[in-house]
Structure formats: C-alpha cells, structure tokens
Amino acid sequence: MDTETLIAPASLLSHLVCPECGTVHSATVVNTVCINPDCRSTLFATYDLRPVLSKNMLKLRPANMWRYKEFLPVIYERNIVTMGEGFTPILPAQSLKAIAPDNLVYWKDESGNPTGSFKARGISAAVSKAKELGIQTIAVPTAGNAGGALAAYAARAGMHAVVYMPKLTPKVFKDECRLYGATLVEIDGNISDCGKLINEHALINDWFQLSTLKEPYRLEGKKTMGYEIAEQFNWHLPDVIFYPTGGGTGLIGIWKAFDELEQLGWIGSKRPRMVAVQSQSCDGIVQAFHSKQATSSFVDGGFTIANGLRVPKPYADKQILKVLRESKGYAVTISDDEMQFAVQHIARTEGMLIAPEGAALWQAFKKLRAANWIQPGERALLINTGNGYKYLENIEIPG
Ligand SMILES: *Cc1c(COP(=O)(O)O)cnc(C)c1O
Ligand SMILES: [Zn+2]
C-alpha cells in the first residue's frame, strides 16, 4: 500500500448544520448540540455528496455498514472501530401472510449485530469519531443496549466507558457492561434520571457524553439502516416502515439517509410512510402526534419489558414529529401484554426470538392493516432492533 492510500480521506464529511436554526458548526472539532443557546438542537452531519462511487461499485464492498464510508463521518479509515455491524438480513414476516395475504411484509433483523442490537451501528460510528477526535473516556446514560454496545466498542478501541443504567434493567445488560470492562453505575430511576446525574458527573470528570442525539454521530451510524433498506430493496423503498421509538435516532437517521440518497441520485423523491411505535409506559410521541403538537411532554408510566422504549421525553422530539408528519406517517402505542404475546408467537411461527421492541411493530402492523391505514398491495418493513435472548428474564416461557 502506498502512502496516498494510507492518508486519503475515506469520508466526504464537510461540516455540521443545525436543522432547526441553520447554524453551521465545524466538523474538525468536538461538538455536542447546536451552540445557539436558544436552540440546542441535535446537529446533522453534512457531506459533500458527489457521486464518487456507483451503486454497482457498492456490491464489491464488505457486508457491513462501513460499505457506505464516504457518507459516514470518520475521515481516516484507520480510526474506524468495527466488529462487522450492519448489512443485516431482510426476511419475509411469514407469520403475517395469513393475516395480510395482500401485503409483502418484511423484517429487517438487527439481532445479529455485535452486542445483539442495532445500537452497535450508532456506537461504532460515534466511538470511531471520538477516537479520531482524541477523546479518551466516553459516558452514556442508557436503558440497556446502548450501554453494552458502548462498553464493547470502547474496549475494542482501547478507550474507557462509563455507563449509567436504571437499576430495574435486566441483569444481562449490566453484566455485559462489566464484562467489557466499563464502569457501571446503577441508578434508582429511569433513563432521564441517569441523564441528569451523568450530566453533572461528566462535567466534573471530563467525560465525553454519547447521550442519544446530544452528540452528532450516533445518528450517522443508525442512518446506515436507510442506506441498506434502499440497497437491499434494489433502490425501491417499501411503502411503510415501522420503527420502535425511544430516543428516535433510527427514525430520524433513516429519513436523513433517504434525503442523502436522493441528493446522490440513487433514489427518487418517493418516501415510505414512517410509523413510530411506542410502549404504553412512555408514549409521549404518540400523544403529541395525535394532538398535533410540535414537541412532546414528559411521560413515564414505569416499567416496561421493552426497556429500549422507556424514554420519557426524547431529546429530539421535534425532529421525530417532523419526520412522522412529512412522511404522512403515524404513531401507535402497544402494551406490554401485546408485546409478550407477539414475542412468543413470532418465536413459534417464524423461528425468530426477537426483542419486545421489535415485537411491538408486529402488533402495530396488524392494527394499521385492520384499520386499512395500510392498503392491500403495500410493502411494509418492520425493524427488529434487538435480540430477544437479552430479555428472557422478563419473557413468559410457555409451559
Ligand atoms: C434503543 C432501542 C430502541 C430505540 O431506539 P431509538 O433509536 O433510540 O429510538 C429500540 N429497540 C431497541 C432494542 C433498543 O435498544
Ligand atoms: Zn440551532
């Protein structure tokens, strides 16, 4: 390899922009949220979207999310911290064939990602970028999966991870953090309480925080789901995408990906309708969507088996609601009982042991199909965000 290939930038990243007030931020320094004190919105990475490669060239790339490295924020390939995350399979949802014979319904199954959830995507991108920017200690408040992913990727990067997690989270999520060498702090409260405490402690200890959408690059990792959906459906997007919405990173990221792909000329202007699915415990987005609010209120009804969805007030609620409205989408609440049933039924009928967050989508699809919000002939995609094995402590086992 010559020096040119060693130092050539992998990424077309140009700067960061605030989607709310338009303030431009440099991408060569550490950023959190918009510096405008009246705004503080999540920042969007912006790329110089030139067609430097063709759709066909993609086929020669490795089967992981870094196949889209030009549109990811890490400038030098040597900084990429990867364990093969992404390029997950798309599988027909065969259990829905009897219920919806006129629809093609698919899973995008994220359960095979390192540490068993799609959090690996966002964390791989964010840890890589943090490494590139010279950060040493990374901290995150988490409902479970983000903590495990951060702990693993930090270990791989030779960095230190600090994880704040609610005490009520199933044991496996805590054990994996400790095994990967992270400092785990258990909090008597929900993820918002973890967030408040970690804010104070990060300031004192000089930790860099990777809280959902208060740091620009986890979004970039999760947006690769949008690139994959387009590529795997041969550049014909499905009509409806269901997304289990906690902080909303994937929902916003997938939408951002479609915009970028259109700018690249790889897809047209047609977009899927985006459906946010929430747990009965925390459904502030569903409430705000139906009452036509631009932001959501704090809602916390306590424990849910879908710990990834126990987010009382997503930081980027405005962006989530904007995507739902722009896409002519919808928002649905699902109960823990419905998720329990779906996890068990899907395991028996599809051979997939999926996370309750993913199972919630299956119930939401059935509701929207029954209400004819989904029409015969439409193609729908359900994103199973996690591996059911991590949740078994809270899943009823048939006798
Ligand atoms: C974190 C998480 C979610 C929610 O993801 P957001 O992008 O924050 O909305 C959904 N499912 C699982 C399994 C998760 O770990
Ligand atoms: Zn702003």
Side-chain angles (χ1 to χ4, degrees), residues 16-25 31-44 108-111 113 115-123 140-150 165 169-170 172-173 176 191 210-216 218-226 241-256 274-279 282-285 296 304-320 323-324 331 334 339 343 354-361 382-391:
L16 300 163
V17 72
C18 173
E20 293 292 331
C21 75
T23 303
V24 169
H25 297 64
N31 280 279
T32 54
V33 293
C34 177
I35 49 159
N36 174 353
D38 303 322
C39 178
R40 314 298 287 168
S41 159
T42 303
L43 294 173
F44 281 12
K108 183 158 178 63
D109 186 15
E110 292 289 308
S111 64
N113 276 308
T115 67
S117 88
F118 76 152
K119 291 290 193 300
R121 295 177 185 265
I123 296 295
V140 75
T142 174
N145 278 319
L150 180 68
M165 197 183 288
T169 315
V172 60
F173 293 95
E176 65 172 343
I191 193 173
L210 288 188
S211 308
T212 304
L213 296 169
K214 292 188 193 166
E215 173 284 334
R218 280 175 66 185
L219 177 66
E220 294 305 290
K222 277 198 179 168
K223 104 183 161 186
T224 56
M225 287 188 290
I241 295 177
F242 285 78
Y243 187 81
T245 307
T249 326
L251 187 90
I252 299 167
I254 289 170
W255 198 245
K256 181 176 188 282
M274 303 295 290
V275 179
V277 180
Q278 294 200 290
S279 153
C282 290
D283 67 347
I285 293 295
S296 65
T304 169
I305 57 170
N307 38 284
L309 303 186
R310 192 166 170 204
V311 181
K313 181 167 165 51
Y315 188 73
D317 53 354
K318 260 193 201 170
Q319 293 296 323
I320 297 171
V323 170
L324 297 182
I334 300 294
M339 289 184 231
V343 167
I354 74 174
E357 291 88 341
L361 308 183
L382 318 177
I383 300 181
N384 171 42
T385 45
N387 197 315
Y389 290 93
K390 293 176 87 173
Y391 296 78

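This structure is a prediction, so every number in the text was calculated from the model and none was measured. Side chains included, hydrogens not; waters and symmetry mates left out as well; all remaining heavy atoms used. Atoms within each ligand, like the ligands themselves, are counted from 1 in listed order.
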Quick one: nearest non-hydrogen protein atom to [atom], plus distance?
atom	value
atom 8 (O) of ligand 1	Gly247 N, 3.0 Å
atom 5 (O) of ligand 1	Phe118 CZ, 3.3 Å
atom 7 (O) of ligand 1	Tyr243 OH, 2.5 Å
atom 11 (N) of ligand 1	Thr385 OG1, 2.7 Å
atom 1 (C) of ligand 1	Lys119 NZ, 1.3 Å

Which of the ligand 1 atoms, numbered from 1, are nearer than 4.0 Å to a heavy atom of [X]:
X	value
Gly250	7 (O)
Lys222	5 (O), 6 (P), 7 (O), 8 (O)
Gly248	6 (P), 7 (O), 8 (O), 9 (O)

Cys34 SG to Cys21 SG via the Zn ion (ligand 2), rounded to 10°, gives 100°
If you measure from each non-hydrogen atom of Tyr391 to ligand 1, which part falls under 4.0 Å: side chain, backbone, both or neither?
side chain
Mind checking whether Asn145 contacts ligand 1 via backbone (N, CA, C, O), side chain (CB onward), both or neither, at a 4.0 Å heavy-atom cut-off?
side chain
Beyond-backbone contact of [X] with [Y], side-chain heavy atoms, under 4.5 angstrom:
X	Y	value
Asp317	Ile285	yes
Thr142	Lys119	no
Phe44	Leu219	yes
Pro314	Ile320	yes

Going by the angle between their ring planes, with limits at 30° and 60°, are Phe173 and Tyr391 parallel, tilted or perpendicular?
perpendicular
For Ile191 and Val311, the nearest pair of non-hydrogen atoms, with its separation, is CG2-CA, 4.1 Å
Between Arg40 and Glu20 (salt bridge meaning N to carboxylate O under 4.0 Å), is one present in this structure?
no
Evaluate Thr245 for polar contact with ligand 1, using N/O atom pairs at a separation under 3.5 Å.
no
Polar contact flag for Gly386 and ligand 1 (N/O pairs, less than 3.5 Å):
no
Without hydrogens or angle criteria, can the side chains of Arg121 and Thr224 be said to hold a donor-acceptor pair below 3.5 Å?
yes
Lys390 NZ: over 12 foreign heavy atoms closer than 6.0 Å:
yes
